[in-house]
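In what follows, a structure is listed as structure tokens, so that the remarks can point back to it.
The first residue in the sequence is number 1, and the count goes up from there.
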Amino acid sequence: MNFRPLHDRVLVRRVDAEEKTSGGIIIPDTAKEKPQEGEIVAVGSGTRGEDGKVTPLDVKAGDRVLFGKWSGTEVRVDGEDLLIMKESDVLGIVEKSA
């Protein structure tokens, strides 16, 4: 991918929404909500403090994260729909269970 976010921004790929409910009902595309979970594709260099030092971001490429419902701006990069948002829009990192 030929895209690198600047400063404290991250590029996120949404995960696929569930096709069925827990009861087995298939959800049509028109009724699906956009998922609020995604995978970090690329991260910026970090935030620059008043003293000029760059503080790296807490997230890295490959992290699975949760973000707000209205967070980010939808962009199309290399034919793929992605979200670009500030790191502060990320609510948390989803840890893999053992």
(Q) Between Leu82 and Val12, does the side chain to side chain contact (heavy atoms under 4.5 Å, CB included) criterion hold? Intermediate values first, please. (A) CA-CA 6 Å; Leu82 302 170; Val12 178; over 6 Å; no
- Item | Partner set under side-chain hydrogen bond (donor to acceptor under 3.5 Å, both in side chains) for Arg48, not counting sequence neighbours |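 Once residues adjacent in sequence are excluded, Arg48 has no partner under the side-chain hydrogen bond (donor to acceptor under 3.5 Å, both in side chains) criterion.
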inquiry  = Just to verify, what does Asp63 make a side-chain hydrogen bond (donor to acceptor under 3.5 Å, both in side chains) with, not counting sequence neighbours?
reply    =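 side-chain hydrogen bond (donor to acceptor under 3.5 Å, both in side chains) check on Asp63 returns Lys60.
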Please examine the side chains of [Y] and [X], heavy atoms only from C-beta on, and report whether any two atoms are closer than 4.5 Å.
X: Leu66; Y: Val94; result: yes
X: Met85; Y: Leu83; result: yes
X: Ile93; Y: Arg64; result: no
X: Val10; Y: Val59; result: yes

What distance do [X] atom [atom1] and [Y] atom [atom2] have between them, rounded to the nearest 0.5 Å?
X: Gln36; Y: Ser71; atom1: CD; atom2: OG; result: 8.0 Å
X: Asp89; Y: Ile84; atom1: CG; atom2: CD1; result: 11.0 Å
X: Glu87; Y: Asp58; atom1: CD; atom2: CG; result: 5.0 Å
X: Thr73; Y: Arg9; atom1: OG1; atom2: CZ; result: 8.5 Å
X: Lys86; Y: Asp8; atom1: NZ; atom2: CG; result: 4.0 Å
X: Glu39; Y: Arg14; atom1: CD; atom2: CZ; result: 14.5 Å

task = Search all heavy atoms of Ala61 against all heavy atoms of Val41 and return the closest pair with its distance.
result =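 Nearest heavy atoms, Ala61 then Val41: CB-O, 3.6 Å.
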For Phe3 against Ala42, the heavy-atom pair lying closest together =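 Closest approach of Phe3 to Ala42: O-CB, 4.2 Å.
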Any side-chain to backbone donor/acceptor pair from Glu74 onto Asp81? Under 3.5 Å, distance only.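 No; judged by distance alone, with no hydrogens or angles, the pair does not exist.
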Can you name the side chain to side chain contact (heavy atoms under 4.5 Å, CB included) partners of Thr55, sequence neighbours left out?
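Thr55 satisfies side chain to side chain contact (heavy atoms under 4.5 Å, CB included) with Thr47 once adjacent residues are dropped.
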